[in-house]
Amino acid sequence: MSRVHDALRRSGVSTPDFQSNAPRTAIPSSPRYAEVKGPQLDEAFINLLDRIEEVPFNPAPDAHLIDATRPHEAPSEEFRTLRTRLNHLQGLQPIHTVVVTSPSPAEGKSMGAVNLALAESHLAGNHTILCDFDFRRPIVHNMFQVERSPGITDYLLGKASIEQIVKKVAGTNLSILPAGEAVINPLELLNLPQVKDLLSNLQKVYNWVVLDTPPLLFAADANLLSTMSDGTVLVVRLGVTTVDSVTRAIQSLCENNVLGTIVNGARRGELYSKYTYYHSYYYSKPD
């Protein structure tokens, strides 16, 4: 977290006393997990992967998704590093459902959620599902160029079955769950017990369940979803996110498990100058 703090300070948007107030990245025990994990998988979720529709991998040109065929690019390297750290944590305690959010809009949370899910799905047998729980401004369906509905809201309102809303991306281990039709009361919908049941069942089918959610300081949705998940990853953007907003966002999560931070918009060498040197040196050398 100190590197994030230093980078935010250099970007000119820092305020004092962040270090003393912000909690360190920590992995407290998660008693909530035992509550979420039920003994039985609901019948509708049995063999779900064999029944869902497959859609072509057709990312939008401006989606900025990592490319598995170009693994040496810096964004791919960074998301593989994040994947490695999360997988290590998963080996220490049962972490399967992760909320990805940011303090404010336009800080790159959706891009972070999508690329984290893609990086996880690149591992053989590592089935991952990306769920668009940002009912206010959903974007995942645009990034993959699929229909927004039927999706999560349709399922929660009883208008669609689980196999009608989950799409498997062809040639990958990734499934996507679009937001669904627009609703006027997203927070009330998220308070339905069906949401907790949905997440509980999905984490029994998939190795990783990644949730894209609204910003923490603009809606209570992400905070509520974090109480039903195993951890939260916070996305910040250099030059945009202030230390004060990061502090307030983390404080709003209370005792929920903050797994770490994704720094978006960093120039090469801004955070990892020594690593970047070795990265460039390594990949510029001929075999």
Side-chain angles (χ1 to χ4, degrees), residues 30-38 41-42 44-45 48 96-107 109-110 112-114 117 129-143 146-167 175-206 209-235 245 248-258:
S30 181
R32 156 178 93 254
Y33 181 78
E35 299 170 9
V36 174
K37 275 285 192 183
L41 182 66
D42 285 357
F45 290 79
L48 179 64
H96 293 276
T97 305
V98 176
V99 165
V100 179
T101 187
S102 60
S104 306
E107 293 174 317
K109 65 173 184 58
S110 295
V114 172
I129 185 166
L130 171 67
C131 308
D132 194 347
F133 271 92
D134 190 346
F135 299 158
R136 302 167 191 270
R137 296 187 65 181
I139 194 174
V140 168
H141 64 285
N142 288 333
M143 298 174 83
V146 298
E147 295 294 328
R148 170 176 169 169
S149 182
I152 300 173
T153 59
D154 305 285
Y155 174 80
L156 296 176
L157 293 171
K159 298 179 179 179
S161 66
I162 186 64
E163 65 184 85
Q164 289 176 314
I165 64 173
V166 180
K167 311 296 181 188
S175 297
I176 53 177
L177 194 47
E181 68 177 21
V183 293
I184 60 174
N185 54 347
L187 190 57
E188 284 74 11
L189 200 61
L190 292 174
N191 272 290
L192 293 175
Q194 289 91 325
V195 176
K196 189 172 181 179
D197 291 340
L198 173 64
L199 296 177
S200 175
N201 280 291
L202 287 177
Q203 70 177 5
K204 294 168 187 166
V205 176
Y206 292 92
V209 182
V210 180
L211 278 57
D212 183 20
T213 68
L216 279 164
L217 300 182
F218 284 75
D221 306 25
N223 206 311
L224 174 61
L225 288 165
S226 70
T227 66
M228 307 179 207
S229 304
D230 301 316
T232 300
V233 173
L234 193 68
V235 178
S245 64
R248 288 189 290 125
I250 292 179
Q251 288 173 340
S252 74
L253 290 169
C254 302
E255 299 299 322
N256 299 328
N257 193 1
V258 180

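Please read all numbers here as calculations on a predicted model, not as lab measurements.
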Taking atom types as modelled, is there a side-chain donor on D154 or S149 under 3.5 Å from an acceptor on the other? yes
Rounded to the nearest 0.5 Å, what separates atom CD1 in I250 from atom CZ in R248? 12.0 Å
Using modelled atom types and a 3.5 Å cut-off, is there a donor and acceptor pairing between side-chain atoms of S102 and backbone atoms of P215? no
So does T213 get a backbone contact from the side chain of K109, meaning a donor-acceptor N/O pair under 3.5 Å? yes
Against V100, only a single residue in V235, D212, V114 fulfils side-chain contact (heavy atoms from CB on, under 4.5 Å); can you say which? V235
Roughly how far, to the nearest 0.5 Å, is CG of L234 from CD of E107? 8.0 Å
Examine distances only and state if a side-chain atom of K159 and a backbone atom of L156 form a donor-acceptor pair shorter than 3.5 Å. no
From CG (D221) to CZ (F135), nearest 0.5 Å: 8.0 Å
Between D134 and R137, is there a donor-acceptor pair closer than 3.5 Å when you use the side chain of the first and the backbone of the second? yes
State, to 0.1 Å, how close L157 and E181 come at their nearest heavy-atom pair, and which atoms those are. CD1-OE2, 4.0 Å
Rounded to the nearest 0.5 Å, the OH atom of Y206 sits from the CG atom of L48 at a distance of 5.0 Å
Please confirm whether the backbone N or O of L41 pairs with a side-chain atom of N201, one donor and one acceptor, at under 3.5 Å? no
Without swapping roles, check the side chain of S200 against the backbone of D197 for a donor-acceptor pair under 3.5 Å. no
Work out which heavy atom in N223 is nearest to a heavy atom in L216; give both atom names and the distance. N-CD2, 3.9 Å
A182 and R148 have their tightest heavy-atom pair at CA-NH2, 3.2 Å
Minimal non-hydrogen separation, A249 against S252, with atom names: O-OG, 2.6 Å
Under 3.5 Å, is there a donor-acceptor pair between the side chain of D132 and the main chain of V140? yes
Quick check on side-chain contact (heavy atoms from CB on, under 4.5 Å): which of V98, L224, L211 does S229 satisfy it with? L211
Euclidean distance, N191 CG relative to M228 CE, rounded to 0.5 Å: 6.5 Å
Shortest non-hydrogen separation from L217 to S104 and the atoms involved: CD1-OG, 4.4 Å
So CG of L225 and CG of L190: to nearest 0.5 Å the spacing works out to 5.0 Å
On a heavy-atom basis, the closest approach of R136 and P138 is C-CD, 3.6 Å
Looking at side-chain heavy atoms only, is the closest gap between L177 and L202 below 4.5 Å? yes
